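This report concerns only the one structure given below.
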Number of protein chains: 2
Amino acid sequence: MDRESIDRVRRFNRTVGERIGVLHDHFLGTDRPVGEARLLWEIGEEGRDVRRLRDRLGLDSGYVSRLLRSLERDGLVTVEPQTHDRRVRTVRLTAAGRKERAVLDRRSDELAELILTSLNEKQRTRLTAAMEEVDRLLTAGTVSVEQLDPGHPDSAACLRAYFAELGERFEGGFDAALSAVPDAGVLGPPHGVFVVARLHGEPVGCGGIHLDGDEPPYIKRMWVAKSARGLGLGRRLLAELEGYAVRSGARTVRLETNSALREAMALYRSAGYEEVPAFNDEHYAHHWFEKRLDDGAATA
Amino acid sequence: MDRESIDRVRRFNRTVGERIGVLHDHFLGTDRPVGEARLLWEIGEEGRDVRRLRDRLGLDSGYVSRLLRSLERDGLVTVEPQTHDRRVRTVRLTAAGRKERAVLDRRSDELAELILTSLNEKQRTRLTAAMEEVDRLLTAGTVSVEQLDPGHPDSAACLRAYFAELGERFEGGFDAALSAVPDAGVLGPPHGVFVVARLHGEPVGCGGIHLDGDEPPYIKRMWVAKSARGLGLGRRLLAELEGYAVRSGARTVRLETNSALREAMALYRSAGYEEVPAFNDEHYAHHWFEKRLDDGAATA
DNA sequence: TCCATTCTCTGACTTTAGTCAGAGAATGGA
DNA sequence: TCCATTCTCTGACTAAAGTCAGAGAATGGA
């Protein structure tokens, strides 16, 4: 890692820490301890399970429990067992809680305004653009990609979301039964892998590859959640799958797609895929692609 | 302030707070409480007065004192009265203190590396560029500009630095005695104003304007410290002075400059100044400029 | 010389933040 | 039905962070 980049990041950390970090705590934590305020915020309008709160904030279970008791005493939240599993308890904001949270929301706005206010129009535009870029790239850095069984709940969640999206985007909807590959069996081991990307613990993308004897391996079910687009995640998943193909000794890799999925096609093209004649009769496919792997471009 | 910009900033605050703020404390405060670590860091290689430490970190005097006692007990710092004023005390790092501070330094590097490490080359370049931009603009927002007497210590510091820089940049050096305007008298009230820009309390830029009866007002001694360039500060100082000229009823404003000062000339041109024939016999001037103020462009 | 002011320090506090061990209810499978 | 496991909670802690009211030494004018 070069010295210059490191110094750049350090200077950034310092400026931002001073200008935002300090202000942040002073702003948000005026009438309520930061711990409680963070919790109140994290509960959200919809309510949340206690264990999810714990995970998200990375706090000890006893500590969270105590914080919740305190918020409950002030009449800001109610805590009730879930109906399905009465061990798990769900926290919900009361009307008073919502009000408090709205105050935090307002404060957060004020902090943002404070930062923008001393700049002119042009500088503001540049600042927000740069912030977006930093935001995107920092977020991209926290996305983890993991091999998972296609039957794992997170895999299933991705596939459900994927199919739902296809249903919306394809003219005439989408019916998984008409599509060629039955996922669970074929994309998992031993004849392939399925990878899932997670952001803050939430599954936000997936993709699978199937290897079958002498046939070139075959990529399917590539998907990235709307909330995680623009992070280069598609490219990363693709690279992951291609890497697997390379390690398995494959020389080419194939995939097919529907013309409604424009971003996907753009991604494949820019990743080195070239359109080829149909190599199967997938019901929803309009375009078939192939990529040669033996030129070391799998990591691109 | 538009909703979109505010949301952008809020999202940024959130991401950065999670990714940097949290990591920062976990990193730096492992074997020593954060308070002590921050203090140790802020003392710096040169040493610092206790009251400056307090101001900079915004802490209670009793608290700082206690922290210092603790660092002293561990043999990391020494605290001694200043020679001039024995009420104020100066903190200095011992050899052991320096060592401990170097550890913090190293940690700060590691944190930066951690952020960069999950990105590829291209993303890294983009991230550091965007960080620089955010850094610059956030810093620009904290620069304050104030009218000051040209004799004020901060004004004097700026002028000294300005002359020193001219001495370096002009062929044959610079001698204030050969230059037209004797600053102190003419740029201050009642016949003009002198403005000084400060960043974190340090003077980092200045400029003065002189009004003399029916003659167009005349801008001189525009300077921005090297450390504060790229913040749009020159433009801001210029606008400040032009504003003053407008309020005084002036229709045009004049200035002259030396051809060694390329950035200054570029600034004047882009701010609407046009080159005119010499209107005085300033010894160091090569170019003379004038700007009409009656088109409302003074704030540009 | 006196007196208000400045600066740092100490003692006596409070509040936050967080850890750890274990209790008790609910659940899921053997 | 039994038993291991999961989830949340309580009690009993500790350490860090910070506040407040003075005390005592220096200092700078009047």
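Labels below follow one simple rule: chain letters A, B, ... track the order of the sequence lines, proteins then strands, and each chain is numbered from 1. Computed from a prediction, not measured in an experiment: that's the story for all the values here.
Distance A:Asp49 CG to D:dT6 C1': 13 Å, rounded to the nearest Å. The nearest whole Å value for the distance from the CZ atom in A:Arg51 to the P atom in D:dT5 is 17 Å. Between B:Arg48 atom CZ and C:dT8 atom P there is a gap of 14 Å when expressed in whole angstrom units. One can place CZ of A:Arg69 at 18 Å from C1' of D:dA12, the figure rounded to the nearest angstrom. As a whole-Å value, the separation of B:Leu53 CG from D:dG18 P is 15 Å. Between the CD atom of A:Glu80 and the P atom of D:dT8 there is a distance of 14 Å, given to the nearest Å.
Between A:Asp60 and A:Arg54, no side-chain nitrogen of the basic residue sits less than 4.0 Å from a carboxylate oxygen of the acidic one, so the salt-bridge criterion is not met. With salt bridges taken as basic N to acidic carboxylate O contacts below 4.0 Å, one links B:Glu100 and B:Arg32. Salt-bridge check for A:Asp55 with A:Arg51: failed, with every basic side-chain N at 4.0 Å or more from each acidic carboxylate O. A salt bridge is absent between A:Arg89 and A:Asp49: the closest approach of a Lys/Arg side-chain nitrogen to an acidic carboxylate oxygen does not fall below 4.0 angstrom.
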Would B:Ser108 and A:Arg10 satisfy side-chain hydrogen bond (donor to acceptor under 3.5 Å, both in side chains), going step by step from the backbone distance to the final call? CA-CA 7 Å; B:Ser108 189; A:Arg10 284 186 56 168; 3.1 Å; yes

What does the B/S/- profile of nucleotides 24-30 of chain C look like, 5' to 3', with a 4.0 Å heavy-atom cutoff to protein? --BS---

If the sugar-phosphate is the primed atoms plus P, OP1 and OP2 and the base is the rest, what is the B/S/- string for nucleotides 13-23 of chain C, using protein heavy atoms under 4.0 Å? ---SSBBB---

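Environment of CD in B:Glu45: crowded, with over 12 heavy atoms of neighbouring residues, nucleotides or ligands closer than 6.0 Å. Around the CZ atom of A:Arg86, the shell of radius 6.0 Å holds no more than 12 heavy atoms that belong to other residues, nucleotides or ligands.
Shown here for B:Leu71 and B:Leu39, the closest heavy-atom pair between the two residues is CD1-CD2, 4.0 Å. The minimum heavy-atom distance between B:Trp41 and B:Asp105, with the atom names listed, is CH2-OD1, 3.2 Å.
When the side-chain nitrogen and oxygen atoms of A:Arg89 are compared with OP1 and OP2 of D:dC7, none of them lie within a distance under 4.0 Å. Between C:dT8 and B:Arg54, a contact under 4.0 Å exists linking OP1 or OP2 to a side-chain N or O.
In this structure a side-chain-to-backbone donor-acceptor pair under 3.5 Å is present from A:Thr94 to A:Leu76.
Taking a pair as Watson-Crick or G-U wobble with both distances under 3.5 Å, DNA chain C forms stems of 3 or more consecutive pairs at C:1-30 with D:1-30.
When only modelled atom types and interatomic distance are considered, B:Thr78 and B:Arg92 share no side-chain donor-acceptor pair under 3.5 Å.
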